[in-house]
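What follows is one structure encoded as structure tokens, with my remarks underneath.
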Amino acid sequence: MTDAATLASLAAYSDAVDTAVQAAAAYYDDGSTPLGDDEYDALVRAIEAYELAHPTEVLTHSPTGKVAGGAADGDVPHSVPMLSLDNVFSAEEFTAWAAGLERRLGRPVDGWCVEPKLDGLAVAARYRAGRLVQVLTRGDGLAGEDITHSADAVLGLPATLTEPVDLELRGEVLLTHEQFELANETRTAHGAAPFAHPRSGAAGTLRAKDRPYRVELTLFAYDAVGLDGLCHSELLARIAELGAHTAAGTAAEPRRCATVEEVQQRIDEIAALRPVLPFGIDGVVVKADSAADQQQAGAGSRAPRWAVARKLPAQHKVTRLLEVEWNVGRTGIIAPRAVLEPVVIDGVTVTYATLHNPADITRRGLMTGDQVFVYRAGDVIPRVEAPLVEQRTGAEQPIAFPEVCPRCGGDIDTSEQRWRCVQGRGCQAVASIRYAAARDQLDIAGLGGTRAVQLVDSGLVADLADLFTLTRDQLLTLERMGETSADNLLAALETARHQPLHRVFCALGVRGTGRTMSRRIAAHFGSMAAIRAADQDTLAGVPGIGTEKARVIVAELTELAPLLDKLIAQNVGIAESEPTAVAASADDDTSPTGPLSGQAVVVTGSMTGALAELSRNEMNELIERAGGKASSSVSKRTTLLVAGEKAGSKRTKAEELGIRIITPDEFATMVAEQLDA
Ligand code: IVH
């Protein structure tokens, strides 16, 4: 949210001040908040606008112009005030801010430093002769709370520096995503409520004493008192040299930029990297790098004039959990889904969020009607993290778990974390047929949702194999099935019968085997009969299948044995021609043939030209036909990125890693032979 709402009256202004003060108090106390970050920022901007227009009506407890919104205080004075940062919310606002700074200096800024704005809590760590003696929170900026007792739990905050110096490190303490997950596992194992949000987890942990368990945090240092005369980027390097952890070495690491244009570019890069960073950021901080510029610009009472935070939209939002829906998946898994009061997170309206499984709901202690923290980043499925227990009104209701399968009314197998209808995939014959008929599997034209329901309801089809024994006369007994439609469907089924083995195998929807894995299994075994006969050890020999996955697949194949036998008897699926070559190309990077031999290829953005009609699955097949390995995410092992229109974070990451990037047209030329095949 970037536009400040208008406060129309003194009463509205006064209410807004009260709401903001309460929110700031909760935020700086235990990190909880009845308002999302975006709402808080928007409220403060509205308050500022009102105060500018009505200077005589400013309330003394207004949060504007105060560190921590005036909410926090402490009892240990800071050596030098711990300031906050001014915010800008767009590229235009940043340009205007930078121009203002250059006007103040009377010359261009001598280099910028651009770094992540870490979403945690500011701390000051005092060292005497290289030994850590005291750790303080920011408090009201002038004095903070002593939290030395929690120093042990903070990774990157060394008990001794590499040199016996006197100095005070300043930085942000947070829970990385991994630490957050681990902390919540530990807490729930101890019967404590999970943290709602990494920041509230960090706040609670820094203050906590005598907890029966340990929660590990991470420091990212970004400043030091007592290292004068260095420019900011040198200061960061010196801090790291002394043994403290900084953001150096992460994809969002601090960079020196010469011009405002370069700064804008780096801000965009860091923003695009946000979904793949292992820790939360809520913006990008831009600082004048040189000590001379900083000194000349100076600071106001709340923030320095030589640095600014370019805020990014919040990824966590607070909204209401309206109800929980229980959906039965293709394999009979009964999965809960949260229905939310719609909320915009990072530009996308979120109405549903995943709740994983029933145990997860219990662990998080959720109730319908709860205000909940919802998280969404990049392409991930939004998830409900935790309820705001302190916001409960008493009207919340326990979440009702199903007692019978919501689809077929049969019993539920609750022996595993993920509940499942005892009918398994039988419960979902229609869904299974639809899945099998879809474009990426058997691609059966004319077998959409309605036809699948009709075929199952009429008793003509109970499983995939039954499709291939359908007769014209049987089809003609169905409503709205004329002779032409029947003939077309029979022709489509005949084509489907001759699909390659990996597509037929994929159509079975075996748990743990998506399209890529199906290709590998088909390539490894060559025929459905060989797959049917595979045991756990042989399956574990397929690249990418470990022992555990092999166990699950064998159990699935046993369950599917009657269906497999029917498919084998009906000759459905064409044996893979060069099993071992494809298997090797899929994993060993030593494919003997093809223009992409040895390449690990990722495709992103929309394809154009000769590739425009290809689904991702077909692109992956093409890559593997050309001897390459297809993958969905960019990593150090990626050697080639095919970037189409609207390519986003994968492109940025590939650029970061120096990976070769080509257009769809260039790629089409490279694999022209396979494309024609
Ligand atoms: S510099 C005098 N750099 O954001 C310089 N602050 O909203 C003041 N923060 O109070 C801070 N990442 O708690 C700085 N790379 C970074 C930061 C950062 C996070 C926090 C810090 C600050 C708050 C302002």
Side-chain angles (χ1 to χ4, degrees), residues 91 114-116 247-259 261-278 281 284 312 346-347 377-380 515-516 519 544 585-591 593-677:
V114 186
E115 60 193 59
T250 70
E253 69 184 354
R255 286 259 167 92
R256 224 188 106 93
C257 294
T259 63
E261 290 68 38
E262 271 180 47
V263 170
Q264 295 279 19
Q265 210 177 352
R266 181 62 182 158
I267 291 177
D268 293 344
E269 274 171 16
I270 294 182
L273 283 167
R274 191 184 192 194
V276 295
L277 291 177
I281 63 171
V284 180
L312 298 175
D346 207 354
D379 298 333
V380 307
R515 294 185 292 254
T516 305
R519 274 197 293 274
S585 75
D587 238 48
D588 299 344
D589 296 342
T590 55
S591 167
T593 53
L596 296 180
S597 167
Q599 302 268 10
V601 189
V602 175
V603 178
T604 186
S606 27
M607 292 299 105
T608 43
L611 307 176
E613 295 300 311
L614 300 193
S615 69
R616 270 297 183 270
N617 186 40
E618 287 164 336
M619 279 296 287
N620 291 346
E621 285 179 343
L622 177 61
I623 292 165
E624 296 195 356
R625 273 207 306 280
K629 181 192 169 193
S631 161
S632 58
S633 59
V634 174
S635 74
K636 273 184 269 176
R637 293 182 55 185
T638 309
T639 59
L640 184 66
L641 181 80
V642 185
E645 281 168 15
K646 301 203 195 80
S649 59
K650 286 184 195 172
R651 187 191 177 107
T652 315
K653 188 162 179 202
E655 281 167 354
E656 285 280 317
L657 294 169
I659 290 163
R660 182 174 168 211
I661 300 174
I662 60 171
T663 64
D665 282 346
E666 288 166 328
F667 183 74
T669 315
M670 264 171 108
V671 296
E673 208 175 298
Q674 286 73 19
L675 196 54
D676 289 342

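All values reported here derive from a predicted model rather than from experimental measurement.
For the residue pair Ala647 and Thr604, the shortest heavy atom distance occurs at CB-CG2, 3.8 Å. The two atoms that bring Glu613 and Glu618 nearest to each other are O-OE1, 3.8 Å, heavy atoms only. For the residue pair Leu675 and Ala610, the shortest heavy atom distance occurs at CD2-CB, 3.9 Å. Closest non-hydrogen pair, Val263 versus Cys257, comes out as CG2-CB, 3.7 Å. When all heavy atoms of Pro116 and Ala252 are compared, the closest pair comes out as CD-O, 3.0 Å. The two residues Gly609 and Asp665 make their nearest non-hydrogen contact at CA-OD1, 4.1 Å.
To the nearest 0.5 angstrom, Glu115 atom CD is 11.5 Å from Ile267 atom CD1. Within the model, atoms CD1 of Ile623 and OG1 of Thr516 stand 9.5 Å from one another, a figure rounded to the nearest 0.5 Å. Within the model, atoms CZ of Arg625 and CG of Leu596 stand 11.0 Å from one another, a figure rounded to the nearest 0.5 Å. Residue Lys629 holds its NZ atom at 11.5 Å from CG of Asn620, rounded to the nearest 0.5 Å. Note that OG of Ser632 is 5.5 Å distant from NZ of Lys650, once rounded to the nearest 0.5 Å. The CG atom of Leu273 lies 8.0 Å from the CD1 atom of Ile281; values are rounded to the nearest 0.5 Å.
A 4.5 Å side-chain heavy-atom check between Gln674 and Pro595 finds at least one atom pair inside the cut-off. Put simply, the side chain of Val603 does not reach to within 4.5 Å of the side chain of Leu611, judged on heavy atoms. Taking the side chain as every heavy atom from C-beta outward, Arg274 and Leu312 approach each other to under 4.5 Å. Residues Phe667 and Met619 meet the side-chain proximity criterion, which asks for heavy atoms closer than 4.5 Å.
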Under 3.5 Å, which donor-acceptor pairs link side chains of residues 652-662 to any protein atom two or more places apart or in another chain?
unit_1, atom_1, unit_2, atom_2, d
Thr652, OG1, Gly648, O, 3.2
Lys653, NZ, Val634, O, 3.1
Glu655, OE2, Arg651, NE, 3.2
Glu656, OE2, Arg266, NH1, 3.2

What donor-acceptor contacts under 3.5 angstrom involve side-chain atoms of residues 638-645, with partners at least two apart or in another chain?
unit_1, atom_1, unit_2, atom_2, d
Thr638, OG1, Ser635, N, 2.8
Thr638, OG1, Ser635, O, 3.1
Thr639, OG1, Gln599, OE1, 2.7
Thr639, OG1, Ala600, N, 2.8
Thr639, OG1, Ala600, O, 3.3

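Within 6.0 Å of CD on Gln265 lie no more than 12 heavy atoms contributed by other residues, nucleotides or ligands.
For Arg256, the salt bridge (Lys or Arg N to Asp or Glu O under 4.0 Å) criterion is met by Asp289, not counting sequence neighbours.
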